[in-house]
**Q** 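Take a look at the following structure, please.
Throughout, protein chains are lettered first and strands after them, A, B, ... in sequence-line order, and every chain is numbered starting at 1.
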Amino acid sequence: HLGRPPLVLLVPAVLAATLLVLPLVTLVLDTPWGTFWSELRSEPVRRALALSALTSGLTVVVCVALGTPLAWLLARVEFRGRGLLRAAVAVPLVLPPVVAGVALVTALGRNGVVGSLLRETTGLTVPFTTAAVVVAHVFVSMPFYVLSVEGALRTAGERYDVVAATLGATRWTTFRRVTLPLALPGLVAGAVLAWARSLGEFGATITFAGNFPGTTQTMPSLIYTTLQADPAAARTLSMILLVVSIGVLAGLR
Amino acid sequence: HLGRPPLVLLVPAVLAATLLVLPLVTLVLDTPWGTFWSELRSEPVRRALALSALTSGLTVVVCVALGTPLAWLLARVEFRGRGLLRAAVAVPLVLPPVVAGVALVTALGRNGVVGSLLRETTGLTVPFTTAAVVVAHVFVSMPFYVLSVEGALRTAGERYDVVAATLGATRWTTFRRVTLPLALPGLVAGAVLAWARSLGEFGATITFAGNFPGTTQTMPSLIYTTLQADPAAARTLSMILLVVSIGVLAGLR
Amino acid sequence: MASVSFQKAQRWYPGADTPAVPGIDLDIKDGEFMVLVGPSGCGKSTTLRMLAGLEEVNEGNIYIGDRDITHLPPKDRDIAMVFQNYALYPHMSVAENMGFSLKMAKVPTDERNKRVEEAAAMLGLTEFLDRKPKALSGGQRQRVAMGRAIVRQPQVFCMDEPLSNLDAKMRVQTRTDIAKLQSDLGITTVYVTHDQVEAMTMGDRVAVMKLGELQQVATPLELYDKPANLFVAGFIGSPQMNLMEAVAKDGRASIGGYEVPVDPAAEKKMHGEITVGVRPEAWRVVGPGEGLPVKVTVVEELGADNYLYGTSDVEGVPSTVIVRVHGRDHARKGEVMHVTTDPHHVHVFDTKTGARLSD
Amino acid sequence: MASVSFQKAQRWYPGADTPAVPGIDLDIKDGEFMVLVGPSGCGKSTTLRMLAGLEEVNEGNIYIGDRDITHLPPKDRDIAMVFQNYALYPHMSVAENMGFSLKMAKVPTDERNKRVEEAAAMLGLTEFLDRKPKALSGGQRQRVAMGRAIVRQPQVFCMDEPLSNLDAKMRVQTRTDIAKLQSDLGITTVYVTHDQVEAMTMGDRVAVMKLGELQQVATPLELYDKPANLFVAGFIGSPQMNLMEAVAKDGRASIGGYEVPVDPAAEKKMHGEITVGVRPEAWRVVGPGEGLPVKVTVVEELGADNYLYGTSDVEGVPSTVIVRVHGRDHARKGEVMHVTTDPHHVHVFDTKTGARLSD
């Protein structure tokens, strides 16, 4: 109702939209739909699918179990260094995945600060195991979860907690009966985000956990490995991840 | 003032915080600070730094030039399919980088839908060139920019534009004099986000553009390549990217 | 300066079951201050935004003077709008905000500065011209928004609840300022509010709206003294008019055992179920045995006035009867008092149609 | 039920230059309805939140009855608070919201249901018990918030602007409902508002605050008739009291050529620069040559009352003089009228200290 949009804005906007949409459309068109189901049943694809399902599932469980209390702490308790902690939690969000992998190697690698301690005391090593995949995924995914839940807690506001206190509720009861139910949509959104991030993780995983079929080769790693040799398998898996991405976006709205 | 936080929440919160903070701290501690400057001057590191600076700079320019009009279109103009377009623009945000790389190969590869057309008409091929790096970075970074600017435009609200219209301003004048100045903080934040995303890009780049020193080997690719052979170089570059990440986070606050 | 005329102007939002404004007919005289008032959702803002060009007009026409502006874009309508939230440009100084429309019209800098300074002087904003809006108080921002509209010298001012963001004291002061300013400038003004006090104190005429339809267009005192229907009677006046169900028979209206005095016009027209309205200040206290018995439940002493809230057990009378009394000597909580009134203070309405039956 | 006592209770926010509340002394009687009123930032909400345990008390003490509750967590204070935004739990039904405190206190289900139903009946909420808060109107939500507090049967109600989110009509109705309810229940209540009309109509006593300090604690009519200082005089009453600068000499106060009649107490105490206050309804219109000349600039006709806003050229008189007149026959815009008043209607204050000089 304010008048027609000027061409000087329309033209670059259309160009930008084309750039973003075209690759997705061609991917959908070029996917080998005829052999889609048989591709799914091939050994490497099945193994990568199973591993991705397992690791992303575990990642979400760890995020919810540990991330919810952390989000609550950041949103509801005042303490020295809270701003710093919140910033530190957000670092993995913008940290390049490869750097995250290097940091994990430095900490938990065979010769890492914590890793060597672990090896000496228990004989266990983390890198290049399925556990390493989960650790890498938790490291890069948990910030999404924590910040989403913290945002939900802040949006819900402290007033509901305050009312509970004036009505005689303890802090733990308030958390269970008031805080958590009100932040539930944020919890779910955060879990979905963390799951999607985990499912697509590539850089930190390949750096910290490697790319071994059956133990650390997740879907993105398999796609990367087979794009030249077996583009059909790569596109089939890409299609699955694209559908998941679109589903996640649709679910978050 | 509502009482002490219960232990049942404190313990997992501390665990989560440790998991997220510890790797970063050990990375800082284990960086070879003694040889830091000499590492920076080594040939592969210098080439990767220069290439990363060039490609991320170009990426930001393209994002601002094309992304701003697209954000405005999404925020201010009502048209059929707007919701669909906004969702499509957001897809690369949650799309695994490797899948983004596959989509780009499918569209712009030598045998891709657009790529083969391009090769036949102009003789140019995109993959495995510096241009491919920029295209990959724009594809994964622009959604951050567009959604940040769109958010800023929506937050500023249409009321300022409406007032300008009632005061006799055309749509283009309104954009220049009112809309853009008010959304400037969002523009800057979006550009910083896009730049950070571009600097850390690994999966889409290595899939679509490869990992050739001097033409497509950016900092993350070099880190990945040298972590086993030359951990000092890998940690030096990681440190630089960590500092940039922290700087970006601090700047966005 | 010009008159404004709505001719069956309709607004139907896409996808809605019914039109927001089914078709409004309203003539506003050149220089008049017209207030549109009604509860939220009554279509008053939609009507204003149709005039400003911010809502499409689906049917009918709107004229400013002789120009049919029904489908012109807002920038070509020669109006200036003041919004509830002011929407001052935070990145521009007060002077730049006020001069914005002149810059758009490519008025030379000298002329622009002159007109901005004149308007600033009129509004007492001269010393704030270099400040950014965020350095101003709510009242000052409101004046800048007024100034930005004035500087344009438009044919029509459109004001959409411009006082809602001010606190109570400021609102009372600013409403007289705006009324005075408008009467000095003589620019036709359409003013939207949900507050009947604002409507009463500011408007030359007031248009009361409900569900997109005009209920009554009249001067403030006409609205108060002769509300056209039950809705207007209940909406205008605070505390509200006492509206009581009564039965009319043979030219007499009675509420239980209390016979309500009514005027001759109503006597002739009324029959069956009617609603009788009496304003709180129109009651007279009488001795026991006469009038309507009211048991006082709450006493409000506001200093200058006192309101007694009471209940009456008589069937048809609402739970609360409000009586305004003078002085410091009146019934206390728990006492029963008797009140009556005079025929010319009684408003009689048909309960079913809501139409006014008395003169 | 219990009394409440603030003893030099102080709140100093970390990092602030001055305390928000430097040290308040206030005794509230068992069953009393005490209203804290003042402009925003006056510390009224902070004071209430100190009582509820939502703000730390840095110095001094607060008692409920004989219990020193200064440092108890909120849940152990036996109060119930009603907030401006109600903060009803959106994921619980009305009944669950109202019964929340009883569930916390582990009251058996039967007893809980009984008490919730009683409160619901009292507030007319019975039919809404199974609904979620979002399915209720603003007024109903307000009542649920009241109900949630009532069900707790606390020693003290703390109410923080509980009517601010209602529209004007609803506010007027609800304030009488709350006043009636409190007087029936007899629970000590501390009520915070910025609206002096609410304060006047609801409070047994009203505490007027400014910048964290109590200005006057008195009944509504005492505040209106004998404001203790200039701030209270200007704050209480709407439209505002006319406050005019005058000069006192030999027991006479004059504004330009107009000699203001003052009472004997003021006559003795006043000298030098004083401020004279006259409420709008206290003026009498007199013939030309007498009284204060006022040129009428705006006439507000509200139906029941009429306010004339005028300017006087006499030095020291504020730009606007407000006069309340009765009837439909009064000065029109542009006319000059003359007004005066009587000694017992004149409030005399020391301009410098703001202290009241008249009786």
**Q** Between B/Leu24 and A/Leu95, is there a side-chain heavy-atom distance shorter than 4.5 Å?
**A**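 Counting from C-beta outward, A/Leu95 and B/Leu24 do come under 4.5 Å.
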**Q** Return the CG to CZ distance between A/Leu93 and B/Arg197, rounded to the nearest 0.5 Å.
**A**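 These two atoms lie 12.0 Å from each other.
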**Q** Is any side-chain heavy atom of B/Leu27 less than 4.5 Å from a side-chain heavy atom of A/Val99?
**A**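 Answer yes - side chains close enough.
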**Q** Rounded to the nearest 0.5 Å, how far apart are CG of A/Leu85 and CG of B/Leu20?
**A**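 Between A/Leu85 CG and B/Leu20 CG, I get 8.5 Å after rounding to 0.5 Å.
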**Q** For the candidates A/Ala234, A/Ala16, A/Pro6, which exhibits the highest count of non-hydrogen atom pairs separated by less than 4.5 Å from chain B?
**A**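 Most pairs with chain B among the choices: A/Ala16.
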**Q** Taking side chain as everything from C-beta outward and backbone as N, CA, C, O, which of these in A/Ala165 sits under 4.5 Å from a heavy atom of chain B? Side chain, backbone, both or neither.
**A**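 It is the side chain, since no backbone atom gets that close.
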**Q** Taking every non-hydrogen pair under 4.5 Å, which of B/Gly203, B/Ala250, B/Ser245, B/Ala65 racks up the most with chain A?
**A**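 Counting heavy-atom pairs under 4.5 Å, the top option is B/Ser245.
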**Q** What's the spacing between B/Thr26 OG1 and A/Leu108 CG if we round to 0.5 Å?
**A**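 The OG1 atom of B/Thr26 sits 7.5 Å away from the CG atom of A/Leu108.
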**Q** Identify which of B/Val113, B/Val105, B/Val102 forms the greatest number of heavy-atom pairs closer than 4.5 Å to chain A.
**A**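 Looking at each of B/Val113, B/Val105, B/Val102 in turn, B/Val102 comes out on top.
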**Q** Which answer fits B/Leu227, side chain, backbone, both or neither, if we ask what part of it has an atom under 4.5 Å from a heavy atom of chain A?
**A**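 Only the side chain of B/Leu227 comes within 4.5 Å of chain A.
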**Q** Could you measure the distance from the OG1 atom of B/Thr170 to the CZ atom of A/Arg4? Nearest 0.5 Å is fine.
**A**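 With rounding to 0.5 Å, OG1 (B/Thr170) is 15.0 Å from CZ (A/Arg4).
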**Q** Kindly give the heavy-atom pair with the smallest separation between A/Tyr224 and B/Val98, and that separation in Å.
**A**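 Smallest heavy-atom distance, with atoms named: N-CG1, 3.9 Å.
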**Q** Is the closest side-chain heavy-atom distance between B/Leu10 and A/Leu73 below 4.5 Å?
**A**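 Answer yes - side chains close enough.
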**Q** Distance check, rounded to the nearest 0.5 Å: B/Arg86 atom CZ versus A/Leu249 atom CG?
**A**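 Output value for this atom pair is 12.0 Å.
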**Q** If you count heavy-atom pairs under 4.5 Å with chain A, which of B/Ile206, B/Leu22, B/Leu252, B/Thr68 comes out on top?
**A**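 Top option by heavy-atom pairs under 4.5 Å: B/Ile206.
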**Q** Between A/Phe202 and chain B, which part of the residue has a heavy atom less than 4.5 Å away: side chain, backbone, both or neither?
**A**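 The answer is the side chain of A/Phe202.
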